[in-house]
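Accompanying notes for the structure given below.
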Number of protein chains: 2
Amino acid sequence: MTVIFSKKCEYGLQAVLYMAAKESGCVCPSEEIARKLKIPKEFVSKILQNLTDSGIVDSKKGKSGGFMLAKDPSKIRLIDIVAAIDGLDIFNSCVLGFPSCSPDKPCPVHHNWGELRSKAYEMLASETLDKFKEKTINKIGKI
Amino acid sequence: MTVIFSKKCEYGLQAVLYMAAKESGCVCPSEEIARKLKIPKEFVSKILQNLTDSGIVDSKKGKSGGFMLAKDPSKIRLIDIVAAIDGLDIFNSCVLGFPSCSPDKPCPVHHNWGELRSKAYEMLASETLDKFKEKTINKIGKI
DNA sequence: TCAAAAACAGATTAAATTGTCTGATTAAAA
DNA sequence: TTTTAATCAGACAATTTAATCTGTTTTTGA
Ligand code: SF4
Ligand code: SF4
């Protein structure tokens, strides 16, 4: 059951939050991330490779290599990860699945849903990763 | 790309809204619903059979048969359809996909997301189908 | 009575998503 | 210099979801 984001996106968000909670610049191998978040290693590795292409994370090959954030946490928002993985189409789509949403043909829940979409976007766009550090540590456990 | 609900659920919601927009008690064959909503006939038929089992719609077999609402539109809420098809688990799940959500281990967006979930639930639970008639007609076209 | 049109049941296929594997390349450390 | 541990690329497998098909039963209306 999908809430909003694909598994790929959920794992990507979790992984990036995890990295942001560590000392800045420190290198995390995908094995560590997978173990801490209890998600498949190869999968998270693939996802982080994607995010590397998107310029959100950086990677270091070879022994004692791994992934790290490409920018300062204060420069990364959750919505950036969502945009890179799932895209931003959800924020223009209808909950009821009606095609061609337009203001002159509003669906039955248009007003409410439009507002919720905006709030959700705002939630993901207004704060940067550095704001989440403590809560991430509390949620995931010791880092 | 799933917004929140599965295709099954989206189609179910649309079909029920469609039926509620017609004169009460009138019979809609799945072919008509599929044509008007531009969704696969066999699929919507399956979904309405499910909703029949759930007691939300009723069916009439044989020639000039079809589906109809089992109760008065003022007795049906959108959340009832969601509950019957996708279930209500989304309203207890985390957007970030973290397991075991609990108040003492809130995830980084706990407060915001909790509020959005409640608002979404409210949107689907507070009004009954009869309130949506006009808007549905405007959205789907002449009925 | 009988042909047509519908729901219904259940099997099957198709597509998308999720997860795994293999091997190549790279770089650090022993 | 060689071993080890990592990313990376791309194929592959498994699972879930979406959609279709086949046939049966039921009912109406010609
Ligand atoms: S106008 Fe209606 S159909 Fe379009 S997104 Fe808003 S709620 Fe959905
Ligand atoms: S507490 Fe955190 S993890 Fe749990 S549902 Fe709320 S936001 Fe998600």
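First the proteins, then the strands, lettered A, B, ... as listed; each starts at 1. All values below come from the heavy atoms of this structure, side chains included, with hydrogens, waters and symmetry mates left out.
- Under the 3.5 Å distance criterion, the side-chain polar atoms of W113(A) are left unmatched by any main-chain donor or acceptor of P108(A).
- For E31(B), the salt bridge (charged side-chain N to carboxylate O under 4.0 Å, His left out) criterion is met by R35(B), not counting sequence neighbours.
- Protein atom NZ of K7(A) is 13 Å distant from nucleotide atom P of dT20(C), rounded to whole Å.
- The distance from atom CD of Q14(A) to atom P of dT18(C) is 13 Å, rounded to the nearest whole Å.
- In terms of the side-chain contact (heavy atoms from CB on, under 4.5 Å) criterion, residue partners of P29(A) (sequence neighbours excluded) are, by chain and number, E32(A).
- For the salt bridge (charged side-chain N to carboxylate O under 4.0 Å, His left out) condition, the pairs that include at least one residue of residues 66-81 of chain B, sequence neighbours left out, are R77(B)-D80(B).
- The interatomic distance linking F5(B) (CZ) with dA18(D) (P) rounds to 13 Å, in whole Å.
- In this view, M68(B) and V27(B), D58(B), K60(B) satisfy the side-chain contact (heavy atoms from CB on, under 4.5 Å) rule, not counting sequence neighbours.
- In this model, the phosphate group of dG19(C) is approached by a side-chain N or O of Y11(A) to a distance below 4.0 Å at OP1 or OP2.
- Judged as a side chain to side chain donor-acceptor pair (under 3.5 Å), the pairs with a partner in residues 41-56 of chain B (not counting sequence neighbours) are, in order, S45(B)-Q49(B).
- In this structure, the CD1 atom of I47(A) is 8 Å from the P atom of dG19(C), given to the nearest Å.
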What protein N or O atoms touch nucleotides 3-5 of chain C N or O atoms at under 3.5 angstrom, if any, and at what distances?
from: dA5(C); atom 1: N3; to: K63(B); atom 2: N; distance (Å): 3.4

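- Spacing between atom CE of M68(A) and atom P of dT7(D) amounts to 9 Å, rounded to whole angstrom units.
- Counting only residues at least two apart or on different chains, the ring pair (Phe, Tyr, Trp, His ring centres under 6.0 Å) pairs with a member in residues 38-74 of chain A are Y11(A)-F43(A).
- As rounded to whole Å, 16 Å separates atom P of dA9(D) from atom CD of E42(A).
- By the side-chain contact (heavy atoms from CB on, under 4.5 Å) test, E115(B) pairs with H111(B), K119(B), sequence neighbours left out.
- Taking atom CG on N50(A) and atom P on dT7(D), their separation rounds to 14 Å, with Å as the unit.
- Remark: T128(B) engages D130(B) in a side chain to side chain donor-acceptor pair (under 3.5 Å) (not counting sequence neighbours).
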Can you check nucleotides 8-11 of chain C for protein contacts, nitrogen or oxygen pairs under 3.5 Å, and list what you find?
from: dC8(C); atom 1: OP1; to: S59(B); atom 2: OG; distance (Å): 2.3
from: dC8(C); atom 1: OP2; to: S59(B); atom 2: OG; distance (Å): 3.3
from: dG10(C); atom 1: N7; to: K46(B); atom 2: NZ; distance (Å): 3.0
from: dG10(C); atom 1: O6; to: K46(B); atom 2: NZ; distance (Å): 2.5

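- Across all non-hydrogen atoms, the minimal contact from L48(A) to M19(A) is CD2-CE, 3.8 Å.
- Rounded to whole Å, the distance from CD on E31(A) to P on dT7(D) is 9 Å.
- The phosphate of dA6(C) (OP1 or OP2) has no side-chain N or O of S30(B) nearer than 4.0 angstrom.
- Considering only residues two or more places apart in sequence or on other chains, K63(B) meets the side-chain contact (heavy atoms from CB on, under 4.5 Å) condition with none of them.
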So which protein N/O to nucleotides 12-14 of chain C N/O distances come out below 3.5 Å?
none

